[in-house]
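In what follows, chains are A, B, ... by sequence order, proteins preceding strands, each numbered from 1.
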Amino acid sequence: MSTQEKQQDADLFSVRREKLDELRSSGIEPYGDRFPVTHRAAEIASRYDELEGQEVAIAGRLMGKRIQGKAGFADLQDFTGKIQVYVRRDDMGEDVYKLFKKLDIGDIIGISGRVFRTGSQAITVAVASFSLLSKSLRPLPEKWHGLKDVDLRYRQRYLDLIVNPDVKEAFLTRVRIIKEIRRFMDDLNYIEVETPIMQPIAGGATARPFVTHHNALDMPLYLRIALELYLKRLLVGGFEKVYEISRVFRNEGISTKHNPEFTMLEFYQAYADLGDMITITEEMLSSVVQSVSDSMQIRYGEQEIDFTPPYKRMSMLEAVRSYTNEDFSHFDAGLAYEQARSLGLAVERGTSWGKILNEAFETFVEDKLVQPTFITGHPVDISPLARRNREYPLLTERFELFINTWEIANAFTELNDPIDQRQRFEQQVQEREHGDEEAHVMDEDFLNAMEYGMPPAGGEGIGIDRLVMILTNSPSIRDVILFPTMRPREI
RNA sequence: GAGCCAUUAGCUCAGUUGGCAGAGCACCUGACUUUUAAUCAGGGUGUCCCGGGUUCGAGUCCCGGAUGGCUCACCA
């Protein structure tokens, strides 16, 4: 059987598998050792003038091969980018050159050689020697179109990262954003802490949790849906400025804007209030935008979003009035019901005033809020952890920051009255009994903490993933989460 | 959870009225010592997502299912 005939009934994997065996039997280890790298691709390009004629050692993945007889070119890709390498039979000897020609695209190699420019001015390393560091057994996606199938891109993110350079950029931006936020919080002398991910009661937000079970304790544990209640326990414990950036989990639908696990920043500051949170938010966002972009104006799809502070502020009542011409400031559930009906909202009779207002807001206002806008003064019955407004007890001292129509941040002057907090929980428990699976459950331990005295405080949560989406112009949350949740599938 | 759309070679994609399964890249063989989506000559490597049905004949039409995308619902 000729090699060619053998090829015909062999798939690409077994062809490479055979190459690997041949390498081994000729004494070459296809999975090499430590390779001392002296330079990286981008560096050789940016410092070419100094490096011309110098000996360099680089390692990376072979991404292109242009052999032309007794010499040839190849592209090597490392974390910083691609660089061309040049191989010549007369430089490396017949055997080594043959070996190089046998390499597959996707193999990881280390080379050493001298930096030069070709006739067409391409910065190139003339290979003096090379070693195979890792044989690749599977063919990479096509070099020109890359990997487009979104399903494969998310499931096999490693391939996406190898062949689609923009993908790496978005994730590097994500890292920069989070780093900048940490720097910002640290500079304000906030203390970063870690609180339980598995909790006996999942509180701090209205959402369905994931449940697991602890065998030794023989009890259910919930993956946290928010960071809030533990961070507030730390306020009781004397931490005056505290923050956490970490994953929370919500057992809900998946969409371009929702992943079951996502990253939140939450921070709490004793003796502060909502106004302080507004200031911090504006300063933080403008500093983050500054650090990842040259401009305060960010393009997201068709929109241009201006992060220059101060951001627009509007109370929920004002916002609803200005988009519907209906005034809900009477605080009367019956009147609100009539207004909702005339606006075409499908609300049930008996729905509370606050829920109706919120419904009107979500339906008629939310999708208009493209530029950063603080919406303030949320009804108390949708804000069980926020302090009441002193003048209007049906409202709270709360804001949500909307950007690109998405809720990006949520903050309030924290409720620190344990009696009121208990009543709020009781209200939530009732709603849960009436079928609202997302309502809070009673958290006696949290109340116990608050009964020892929690300082007045301002607190805030920021959804990091959506912020990253906006700042990287990513249409899907899956473009900013390295390994988004997917239904498993055979490869 | 609902509606619409998609699924064909390792990847990116064609596939006509229902009539032998196709191209480019990748891969294999050969030529080529400064190319760069290298080029030239030759080679098609397939569970047409899965299961039924209609038909002389199904990648194509019908039904059911799987997975994904978009929109909506829920949510941040």
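Among the protein residues, A/E407 comes within range of the sugar-phosphate backbone only, with heavy atoms under 4.0 Å from sugar or phosphate atoms but none that close to a base. At a threshold of 4.0 angstrom between heavy atoms, the contacts of A/F249 with the nucleic acid are absent. At a threshold of 4.0 angstrom between heavy atoms, the contacts of A/D104 are confined to the sugar-phosphate backbone, with no base atom among them. A/K82 comes within contact range of no nucleotide atom at all, as no heavy-atom separation falls under 4.0 Å.
Annotation: A/F399 is in aromatic contact with A/F374 [ring centroid separation under 6.0 Å].
Among the nucleotides B/C27, B/G69, B/A76, the one closest to any side-chain atom of A/E252 is B/A76. Side-chain proximity of A/K143 to the nucleotides B/C25, B/C28, B/G68 is greatest for B/C25. Side-chain proximity of A/S255 to B/C13, B/C11, B/A73: nearest is B/A73.
With salt bridges taken as basic N to acidic carboxylate O contacts below 4.0 Å, none links A/E55 and A/R114.
In terms of polar N and O atoms assigned as donor or acceptor, the side chain of A/D149 never comes within less than 3.5 Å of the base of B/U12 in a complementary pairing. Within 3.5 Å, a donor on the side chain of A/Q84 pairs with an acceptor on the base of B/U35, or the reverse. Interface remark: the A/S120 side chain does form a donor-acceptor pair with the B/U36 base, using a distance-only criterion of under 3.5 Å.
The aromatic ring of A/F262 stacks onto the base of B/A76, its centre lying under 5.5 Å from the centre of the six-membered base ring with the two planes under 30° apart.
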